[in-house]
Amino acid sequence: QVQLVESGGGLVQAGGSLRLSCAASGSSFRSYTMGWFRQAPGKEREFVACISWNGGSTKYADSVKGRFTISRDNAKNTVYLQMNSLKPEDTAVYYCAGDPVGWGAVGIREYDAWGQGTQVTVSS
């Protein structure tokens with residue numbers, strides 16, 4: 001199992017951009033599907049995006065499609081989430097997660113590795 005640490009969150013105005021990073025320990029990272037989820041206050045954790053082990057396939061929630069881009073660098077054991085055109089409704093704690101066996105899962109149960117989360121706040 002990999003260990004995950006997110007960074008890059010912060011406060012940004014609506015329309016701005018942020019790039020989140022998730023650093024992973026362990027060589028098995030390279031075989032994991034990696035995902036980003038987010039959780040706003042009082043709401044359930046929801047799927048944002050995921051990327052296949054080799055970066056060849058990506059999947060996005062409709063709410064972020066066209067604004068967010070997920071990528072990974074297996075040489076650096078890192079996955080990224082570039083967030084553009086941010087909206088106040090994107091405000092949440094963002095979590096990095098790893099799925100060791102599947103692809104494209106949008107539910108949290110398929111992911112067995114989780115980071116501690118990083119706060120993203122978008123002001124209007």
Side-chain angles (χ1 to χ4, degrees):
Q1 186 174 359
V2 298
Q3 306 295 318
L4 304 172
V5 178
E6 302 96 334
S7 61
L11 173 64
V12 64
Q13 289 188 333
S17 298
L18 282 174
R19 188 176 83 153
L20 306 183
S21 298
C22 173
S25 63
S27 60
S28 57
F29 164 82
R30 298 168 186 176
S31 65
Y32 273 56
T33 287
M34 295 301 297
W36 286 96
F37 289 74
R38 66 187 182 186
Q39 188 166 18
K43 295 188 176 182
E44 293 186 350
R45 194 169 298 188
E46 65 175 4
F47 170 81
V48 174
C50 65
I51 187 167
S52 61
W53 68 275
N54 63 353
S57 297
T58 57
K59 186 175 184 178
Y60 297 92
D62 287 343
S63 59
V64 307
K65 204 171 291 184
R67 300 188 298 123
F68 290 12
T69 302
I70 189 171
S71 62
R72 68 190 297 163
D73 186 340
N74 285 346
K76 296 182 178 180
N77 273 21
T78 303
V79 62
Y80 305 97
L81 186 68
Q82 177 67 44
M83 305 186 295
N84 298 329
S85 302
L86 282 161
K87 305 175 181 179
E89 51 264 44
D90 294 319
T91 295
V93 177
Y94 282 70
Y95 297 90
C96 175
D99 177 353
V101 298
W103 157 245
V106 301
I108 63 174
R109 294 182 180 181
E110 283 76 14
Y111 293 80
D112 74 348
W114 291 86
Q116 83 289 349
T118 186
Q119 177 70 47
V120 171
T121 303
V122 184
S123 63
S124 57

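One-based numbering along the sequence shown.
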*With the 4.5 Å side-chain cut-off for hydrophobic clustering, are Val122 and Phe68 part of the same group?*
yes
_Strictly below 4.0 Å, N to O, side chains only: are Lys87 and Asp90 in salt-bridge contact?_
no
*Does atom CH2 of Trp114 have more than 12 heavy-atom neighbours from other groups under 6.0 Å away?*
yes
*Look at the side-chain heavy atoms of Ile, Leu, Val, Met, Phe, Trp and Tyr, link any pair under 4.5 Å apart, and say whether Tyr60 and Val106 land in one connected group.*
no
*Work out which heavy atom in Gly104 is nearest to a heavy atom in Thr33; give both atom names and the distance.*
N-CG2, 4.4 Å
_Restricting to non-hydrogen atoms, name the atom on Ser124 and the atom on Ala14 that form the minimum distance, rounded to 0.1 Å._
CA-CB, 4.4 Å
*Do side-chain atoms of Glu6 reach the backbone of Thr118 as a donor and acceptor pair under 3.5 angstrom?*
no
*Minimum side-chain heavy-atom gap Leu20-Met83 below 4.5 Å*: yes
*Does the side chain of Leu4 reach to within under 4.5 Å of the side chain of Met34, using non-hydrogen atoms?*
yes
_Plane angle bin for Phe37 and Phe47 - parallel if under 30°, tilted between 30 and 60°, otherwise perpendicular_ = perpendicular
_Tyr32 and Asp112: CA distance, side-chain angles, deciding distance, side-chain contact (heavy atoms from CB on, under 4.5 Å) verdict_ = CA-CA 10 Å; Tyr32 273 56; Asp112 74 348; 3.7 Å; yes
*Can you find a heavy atom in the side chain of Ser17 that is under 4.5 Å from one in the side chain of Gln82?*
yes
*Drop me the distance from Ser57's OG to Ile70's CD1, to the nearest 0.5 angstrom.*
11.5 Å
*Trp36 to Leu81 - nearest heavy-atom pair and separation*: NE1-CB, 3.5 Å
_Joint hydrophobic cluster, Leu18 plus Ile51, side-chain heavy atoms closer than 4.5 Å_ = yes
*asked:* Same cluster or not: Val93 versus Ile108, using hydrophobic residues (I, L, V, M, F, W, Y) connected whenever any side-chain heavy atoms lie under 4.5 Å apart?
replied: yes
_Close side-chain approach of Arg30 and Asn77, heavy atoms under 4.5 Å_ = yes
*Heavy-atom count around Glu44 CD within 6.0 Å, excluding the residue itself: above 12?*
no
*Identify the heavy atoms of Gln39 and Lys43 that sit nearest to each other, and give their distance.*
NE2-O, 3.1 Å
*Would you call Ser63 and Arg38 a side-chain contact if the rule is heavy atoms closer than 4.5 Å?*
yes
*In this structure, which one of Thr78, Asn54, Thr58, Val79 forms a side-chain contact (heavy atoms from CB on, under 4.5 Å) with Arg72?*
Val79
*Interatomic distance, Ser31 atom OG to Asn74 atom CG [nearest 0.5 angstrom]*: 9.0 Å
*Determine the minimum heavy-atom distance between Tyr94 and Val48, stating which atoms define it.*
CE2-CG2, 4.4 Å
_OH on Tyr80 to OG on Ser7, rounded to 0.5 Å_ = 9.0 Å
*Crowded around Lys65 NZ? As in, over 12 foreign heavy atoms under 6.0 Å?*
yes
*Provide the closest heavy-atom pair for Phe29 versus Val2 in the form atom of the first, atom of the second, distance.*
N-CG1, 3.6 Å
*Intermediate values then yes/no, side-chain contact (heavy atoms from CB on, under 4.5 Å), Gln119 and Thr91*: CA-CA 8 Å; Gln119 177 70 47; Thr91 295; 4.0 Å; yes
